[in-house]
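What follows is a single structure, written as structure tokens, with notes after it.
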Amino acid sequence: MRLLRLARIIAISLRFGLDRIVLEADSSGRLVRVWSKVFFWRHFNEPRGVRLRRALESLGPIFIKFGQMLSTRRDLLPTDLADELALLQDRVPPFPSDEALALLEAFYGRPIDAVFRQFEREPVASASVAQVHFAVLPDGTEVAVKVLRPGIGRVIAHDLDLMETGAALLEKAWPESRRLKPREVVAEFGKTLHDELDLMREAANCAQLRRNFKDSGLLIVPEAYWDWCGPSVMVMERMTGTPISQIPTLIEQGIDLKELSRAGVEIFFTQVFRDGFFHADMHPGNIFVCRDGRYMALDFGIMGTLNDVDKDYLARNFLAFFKRDYKQVAIAHIEAGWVPPHTRVDELEAAIRTVCEPIFDRPLKDISFGKTLLRLFQTARRFEMEVQPQLVLLQKTLLNIEGLGRQLDPELDLWTTAKPFLERWMNEQVGWRALLREVRNEAPGWTAILPRLPRLTHQALLDSHRSRDEIRAQLKDIARRQRHDRYLILTLGLLATAFAAFELWRLFG
């Protein structure tokens, strides 16, 4: 089975000329010329990005998913390949409804009609690892039921093994490929896929995001119904809205597109800087708009997280960019630990200035926030910066947000929209506001500790005194043992000398 799958992968790769794409990375061009003579009958009229996308589509759902993930790694891929892979849509043919019913009945342990008042056999959406059916709970609640593809775990494990083998062979056969880190890319893809295979994890992500935006006037998130959820099944509130890509319909509904685009930016920065927990798969298929103008988020398999260090790093960088303070950008990189501490600030500052000055000569509305962040990563890589996975997810999401925003409002100035939010966030992180927040957060703990503080202090002093006495006793015991050992050795030495003298006298006396 594995050999047949491998043969199919090789055949499709040769048909679409993926071998040529790899060999073209050889700057000398010799490998391409030799390979072209071996496969002299092949001629390709389509650009290499199109050929790569079509090959992944031919290889099936897992490779489509792999292509989508690759499209986010613009720090590794050439622009033409990343742009074409970004066109891959997460829509694949659904699996038979009978298989979905069998899986659900096996999970619930009873017929589907005994679980749901109504269950629509035809799926409403289909993706790489799961598909969705509409249903009605016994109490009349309308829900969406997400079901994993049967046997998808085995398929993923099988294809990942082949990908890992291919990546290892590529690195050995062609050392230049190591700069693309093929094995690390495959490992990252595998981790993402395994996370998506646990629908309980996705339901937990959904619940967290819903809690973060409770009573929000900007974003609504469906409720997960835990009594019906499991590792392979997720049941959530059925949402009704218009896909954000259907702009004519939104206009007919009276939605203010300019306001909608600004709200999308605010939602993103709220998730990133307020919560440190953001929806990282915000392509048009996962974003809908309600009739009241609020956003609606779906599909929570891929979520990004940022800690306080990440958030501080990003906010300081963005604000420094607004002011063209490249020295501050360089210092932020070093203090955050993203580049080695021995990095010279002036050299990193000069490199960042070289990248950014041409950007700022253009109108702000024409500047891509996401691409600027990408160029920052690429520049810092020259200074041994290792881009963190959470920042790659952030950059991918930022590009999605920027694309959606400008699709709604071509005049959207993401910089101007984001700057007040970032400045407000930074003001809350430093100064008296931050101090008051920390005091408020720590106060409950202090109320429990303060009454016990005198006793705890007295106990600590006693423990310290007792520890010193114990150390003195131990040192005395060690000294006593050393003296005993010296006496013992001296006595044994004297006895041995006396015995040797007696034996010499007996032999020669």
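Numbering starts at 1 and runs along the sequence shown.
Closest non-hydrogen pair, Pro94 versus Arg149, comes out as CA-NH2, 4.0 Å. Between Ala55 and Ile12, the shortest heavy-atom distance links the atoms O-CG2, 3.9 Å. The two residues Leu103 and Ser232 come nearest to each other via the heavy atoms CD2-OG, 3.8 Å. In terms of heavy-atom proximity, Met239 sits nearest to Leu298 at CG-CD2, 4.1 Å. Pairing each heavy atom of Gly264 with each of Tyr295, the nearest pair is N-CE1, 3.5 Å. Counting all heavy atoms, side chain and backbone alike, Ser97 lies closest to Pro123 at OG-CD, 3.9 Å.
Classification of the Phe119-His133 ring pair by plane angle, with boundaries at 30° and 60°, yields parallel. Below 30°, between 30° and 60°, or above 60°: for Phe273 and Phe269 the angle between ring planes is below 30°, a parallel geometry.
The backbone N or O of Ala351 lies less than 3.5 Å from no partner atom in the side chain of Tyr326, so there is not a single donor-acceptor pair. Formation of a donor-acceptor pair under 3.5 Å by the Gln131 side chain with backbone atoms of Ser126 is not found in this model.
Atoms CH2 and CE, from Trp226 and Met236 in turn, are 12.0 Å apart once rounded to the nearest 0.5 Å. Atom CD1 of Ile244 sits about 11.5 Å away from atom CG of Asn286, to the nearest 0.5 Å.
Residues satisfying the salt bridge (Lys or Arg N to Asp or Glu O under 4.0 Å) test with Glu347, not counting sequence neighbours, are Arg344. Residues that satisfy the salt bridge (Lys or Arg N to Asp or Glu O under 4.0 Å) test with Glu142, not counting sequence neighbours, are absent from this structure. Annotation: salt bridge (Lys or Arg N to Asp or Glu O under 4.0 Å) contacts of Asp98 (sequence neighbours excluded): none. Residues satisfying the side-chain contact (heavy atoms from CB on, under 4.5 Å) test with Pro47, not counting sequence neighbours, are Val50. With sequence neighbours excluded, no residue forms a salt bridge (Lys or Arg N to Asp or Glu O under 4.0 Å) with Glu120.
Taking the side chain as every heavy atom from C-beta outward, Val129 and Ile156 approach each other to under 4.5 Å. Annotation: side chain of Leu137 is in contact with side chain of Tyr225 (closest heavy-atom distance under 4.5 Å). Side chains of Phe277 and Asn205 form a contact here, defined as non-hydrogen atoms less than 4.5 Å apart. A 4.5 Å side-chain heavy-atom check between Met200 and Cys229 finds at least one atom pair inside the cut-off. Between His158 and Val155, every side-chain heavy-atom pair lies at or beyond the 4.5 Å cut-off. Between Val145 and Phe134 the shortest side-chain heavy-atom distance does not fall below 4.5 Å. Residues Leu197 and Ile152 form a side-chain contact, since some pair of their non-hydrogen atoms from C-beta on lies under 4.5 Å apart.
Residue pairs that meet the side chain to side chain donor-acceptor pair (under 3.5 Å) test with at least one member in residues 261-275, sequence neighbours left out, are Glu259-Arg262.
Neither side chain, His194 nor Glu196, offers a donor N or O lying under 3.5 Å from an acceptor on the other. Using a 3.5 Å distance cut-off with no hydrogens or angles, the side chains of Gln253 and Thr242 do pair a donor with an acceptor. For Thr240 and Arg291, the side-chain atoms include no donor-acceptor pair closer than 3.5 Å.
Ion pairing between Arg51 and Glu84 fails under the 4.0 Å rule for side-chain N and carboxylate O. Salt bridge absent: Lys258 and Asp256 never bring a charged side-chain N and a carboxylate O closer than 4.0 Å.
Environment of CZ in Arg238: crowded, with over 12 heavy atoms of neighbouring residues, nucleotides or ligands closer than 6.0 Å.
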- Criterion side chain to side chain contact (heavy atoms under 4.5 Å, CB included) on Asn212 and Val221, from CA distance to verdict: CA-CA 10 Å; Asn212 291 347; Val221 179; over 6 Å; no
- Check the pair Glu105, Phe107 against side chain to side chain contact (heavy atoms under 4.5 Å, CB included), reporting the backbone distance first and the verdict last. CA-CA 5 Å; Glu105 290 179 349; Phe107 171 71; over 6 Å; no
